[in-house]
Amino acid sequence: MTPEPIISTHDLNLWYSDTHALQSIFMKVSKNHVTALIGPSGCGKSTLLRCFNRLNDLIDCVRISGEILLDNENIHAAGTDVVTLRKKVGMVFQKPNPFPKSVYENVAYGPRVHGIKNKVELDTIVEQSLRDAALWDEVRDRINDSALGLSGGQQQRLCIARTLAVEPEVILMDEPCSALDPIATAKIEKLIDTLTRDYTVIIVTHNMQQAARVSDYTGFMYLGKLIEFGQTNQIFENPQEDLTENYITGRFG
Amino acid sequence: MSEKFHRELKGLKQETTEMVRFAREMLSESVNALIHQDFAKARQVVSKKKHIKDLTITLEDRTYQLIALYQPMAKDMRVITCTLKMISAAERIGRYGKDIANMVKHLQDQPDFTQPVPIPHMADQVLKMIDNVISAFETENLEGIKDFSSRDDTVDALWHSIFREMLTFMMENPKTITRGTYSIMVARYLERSGDHACKMAENVHYMVTGERIEIK
């Protein structure tokens with residue numbers, strides 16, 4: 001049985017001025033699963049990821065057609081509150097980008113913006129988010145120290161905790177491990193696996209072994225098109241498209 | 001990196017093909033030695049046992065290294081897994097050749113009786129199957145292995161026929177029991193070699209198409 005989709009796109013197209021960067025994308029993202037997007041540089045995978053929380057709106061020359069449904073609602077419908085959308089669809093970037101504040105303040109920032117002022121409630125959210133991001137045991141004694149003093153891997157998990165603090169439904173990860181060493185990468189990958197109990201994860205990665213390890217579904221993109229989408233095992237063991245086969249066996253890209 | 005990997009994978013595949021040919025020659029030469037009671041030839045086959053063992057270890061180690069260093073995927077991974085299975089099957093076929101060659105010397109003092117008629121024919125069938133699977137592995141053209149199921153049925157029928165024929169000889173004359181039993185074992189080893197050819201064909205089919213088939 002196909003799991004219930006939380007996000008689906010229908011004939012999604014995106015242009016950067018005259019450049020047709022996403023071409024007629026039809027895709028369903030399954031709830032409480034990990035979906036990986038792979039493809040060579042410039043194929044549109046990060047652009048597609050940024051569509052899901054309308055981050056491309058911040059770029060002037062971008063034009064979009066087609067539909068993106070989150071929980072069966074069009075995220076481009078008139079009256080959609082982008083702040084609420086980005087609360088539901090959080091994002092973790094390639095390079096850890098903690099605020100130059102304490103560990104506590106980094107995690108408490110989002111809930112505060114969304115109106116939570118009660119100290120006890122904030123404490124609970126901060127602790128739970130740090131626990132869920134598998135960071136609590138490492139920072140519990142220096143919760144008020146600057147986040148910039150953490151290691152790269154810890155900073156990235158802090159960014160994940162910051163995302164979790166506003167209780168999103170979907171977490172977008174744009175190459176979350178590319179700036180990390182193998183041990184920190186392994187911790188993030190383990191974390192991604194546990195996150196799917198409560199969240200849906202969409203991850204863009206250049207590391208195909210990582211996509212194969214962490215994801216349930218994989219989409220291969222090339223020149224703005226979604227060439228093949230399917231269960232990760234099928235994509236990596238027996239892809240149906242020659243382009244996918246050639247890319248994942250390193251013959252191009 | 002990708003070019004280096006594909007160059008190494010191509011080399012591994014080529015050497016695995018040569019190993020399967022080497023095992024096929026051991027089987028072929030052992031049956032010839034048996035038919036012609038050629039003890040010198042039989043000794044030669046037995047002496048090749050070490051080489052096939054060494055080839056097994058060397059090629060398996062290289063396969064493991066390729067997996068560890070390059071984490072191959074899709075078709076590349078299927079080539080690697082197929083190669084591993086081809087190596088195991090080749091080793092088994094080579095050892096059956098060695099086992100048949102070993103019997104030649106045991107048979108020299110035994111009372112003579114007509115060789116089971118179907119053994120050369122059976123060996124011919126099995127060797128052709130091995131040739132076809134080598135060719136399919138090498139060229140990725142599956143045409144030659146399409147009819148393996150019916151060819152394996154023929155080999156099985158020959159094995160049962162030899163079994164019955166030998167039983168008849170042995171019941172009529174107990175002095176033929178040693179020779180008869182060895183002949184049954186030869187037929188059995190040939191039948192098993194045919195099965196290995198079928199298994200290799202299944203793996204080559206999976207390597208080329210990504211789809212599983214069962215040759216019964």
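Proteins come first, then strands; the chains are lettered A, B, ... in the order of their sequence lines, and each starts at number 1.
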Worksheet item: Donor-acceptor pair, B:Q71 side chain versus A:Q209 backbone, under 3.5 Å?
Response: no
[X], [atom1] atom: more than 12 neighbouring heavy atoms under 6.0 Å:
{"X": "A:D242", "atom1": "CG", "answer": "no"}
{"X": "A:Q231", "atom1": "CD", "answer": "no"}
{"X": "A:K225", "atom1": "NZ", "answer": "no"}
{"X": "B:D54", "atom1": "CG", "answer": "yes"}
{"X": "B:F163", "atom1": "CZ", "answer": "no"}

What are the two closest non-hydrogen atoms of [X] and [Y], and how far apart are they?
{"X": "A:G250", "Y": "B:S2", "value": "O-OG, 2.5 Å"}
{"X": "B:D76", "Y": "A:T249", "value": "OD2-CB, 3.0 Å"}
{"X": "A:E245", "Y": "B:K75", "value": "OE2-CB, 2.5 Å"}

Fill in: Gap separating the CZ atom of A:R251 from the NE2 atom of B:H6, nearest 0.5 angstrom
3.5 Å
Worksheet item: Contact part of B:M73 toward chain A, heavy-atom cut-off under 4.5 Å: side chain, backbone, both or neither?
Response: both
